[in-house]
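For ligands, and for the atoms within them, numbers begin at 1 and follow the listed sequence. Counting begins at 1 with the first residue of the sequence. Because only heavy atoms are used, hydrogens play no part in the values below, and waters and symmetry mates are left out as well, while side chains stay in.
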Amino acid sequence: VISAAAETRGQDLLAGAIAGDVASVSQLISALESDGEVGRGIRTDLHAAGGRAHVIGITGAPGSGKSTLVGAIAGVLRARGLRVGIIAVDPSSSISGGAILGDRIRMQQHVLDPGIYLRSMSSRGWLGGVSRATVDAVAVLDAAGWDVVFVETVGVGQAEVEIVGIAQTVAVVSVPGLGDDIQAIKAGLLEVADIHVVNKEDRPDANKTIAELVNMLNLVELDPDGWAVPVHGTVATTGAGVERLADLFGEHRDWLVESGRLQQREARAARSRINAIAKDIVVDRLYDLEFRHELDSAVDRVVAREVDPYSAAQTLIRRVAGE
Ligand SMILES: Nc1nc2c(ncn2[C@@H]2O[C@H](COP(=O)(O)OP(=O)(O)OP(=O)(O)O)[C@@H](O)[C@H]2O)c(=O)[nH]1
Ligand SMILES: [Mg+2]
């Protein structure tokens, strides 16, 4: 049950966010993150208000220039009159002050611009690949009318591959000269990319890295109706290639809409979120005090081999569902 005061507070924050008040955006994201009454009370309205933003995932090796690149693209999009949100997902289990400070410095040119919203969050509590807090932050910016929302994650594992779950467009950032392996392949990210970016094109061997990526993509079985994945070079620090990259994002979004793939992606994302949330609800219920004793005795009986873990789980779920 959610109190009327909490409902009103959530609605005020959402209204403030829609009116462009950055403090309301932050407070709403925090309310959802802490999962209290205010956050829970606003979910329906928040979801109903969303669905327009272009959500772009940026992933790739640590230090490949993702934050610098996002800052540069944000500048280009601002000049085109768009509002840009940036969610930087910190790879460490807790947000380190250093990483946030670094991002703030790289985004410094934008801190006074109310049309750019930057938030760093930890990747704790991954749920269906993407942390609930990240999904919620994207939802707030979307509902509040931000045109483009970037989600930056470090491509180091399966969790980052799942960025596809919330992003409409995924860019994988590689850099020249990190050994002979193509970083995108090593991280399992070759096929999730809608756009491959080779950043630090000012470094030696950039052309070689671009050619290698193009070759690798040619080996991947092509969907004749699919999107032709571009490999694009940039120098994030000078802005070279960044205008074109912003265009490529727009072209990909247009393609998604025209081909009907946007709806497919959204259906897939909705399905995986419902799955993850449903599992969460059941598991949370199992740990409620009400079922604590039954859970403990199931544990004992499985250990004693009186019952197998599948049957024990099934029995508990029936109990939780009130059957
Ligand atoms: N030479 C060169 N350096 C770059 C370029 N882009 C970024 N850098 C530098 O690379 C370093 C890392 O940049 P970040 O933007 O922090 O990279 P990141 O991928 O966000 O890093 P993490 O979030 O820590 O994984 C910084 O010192 C940047 O100035 C580029 O195009 N050329
Ligand atoms: Mg970064």
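- Taking the N/O/S atoms of Glu152 in turn, the shortest distance to the Mg ion (ligand 2) belongs to OE2.
- At least one N or O atom of Asp202, backbone or side chain, sits closer than 3.5 Å to an N or O atom of ligand 1.
- Residue Glu152 places a heavy atom less than 4.0 Å from ligand 1.
- In terms of polar-atom proximity, defined here as any N/O pair under 3.5 Å, Leu69 makes no such contact with ligand 1.
- Not one N or O of Val235 is nearer than 3.5 Å to an N or O of ligand 1, by distance alone.
- Between Thr234 and ligand 1, a contact under 3.5 Å exists for no N or O pair.
- Taking a cut-off of under 4.0 Å to the non-hydrogen atoms of Thr68, the atoms of ligand 1 that pass are 7 (C), 13 (O), 14 (P), 15 (O), 28 (C).
- Between Arg203 and ligand 1, no N or O atom pair is found at a separation short of 3.5 Å.
- Ring orientation note: the planes of Trp227 and His252 are nearly perpendicular, at an angle over 60° on the 30°/60° scale.
- Among the atoms of Ser67, an N, O or S atom falls under 2.8 Å of the Mg ion (ligand 2).
- Sorted by first and then second residue, the pairs that involve residues 298-309 and meet salt bridge (charged side-chain N to carboxylate O under 4.0 Å, His left out), not counting sequence neighbours, are Arg301-Glu306.
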May I have the list of side-chain donor-acceptor pairs in residues 9-17 shorter than 3.5 Å, sequence neighbours left out?
from: Arg9; atom 1: NH2; to: Gln27; atom 2: OE1; distance (Å): 2.9
from: Gln11; atom 1: NE2; to: Asp45; atom 2: OD2; distance (Å): 3.2

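- Phe249 and His54 make their closest contact through O-CE1, 3.2 Å (heavy atoms, listed as atom of the first residue, atom of the second, distance).
- Taking every heavy atom of Pro62 and a limit of under 4.0 angstrom, the matching atoms of ligand 1 come to 25 (O).
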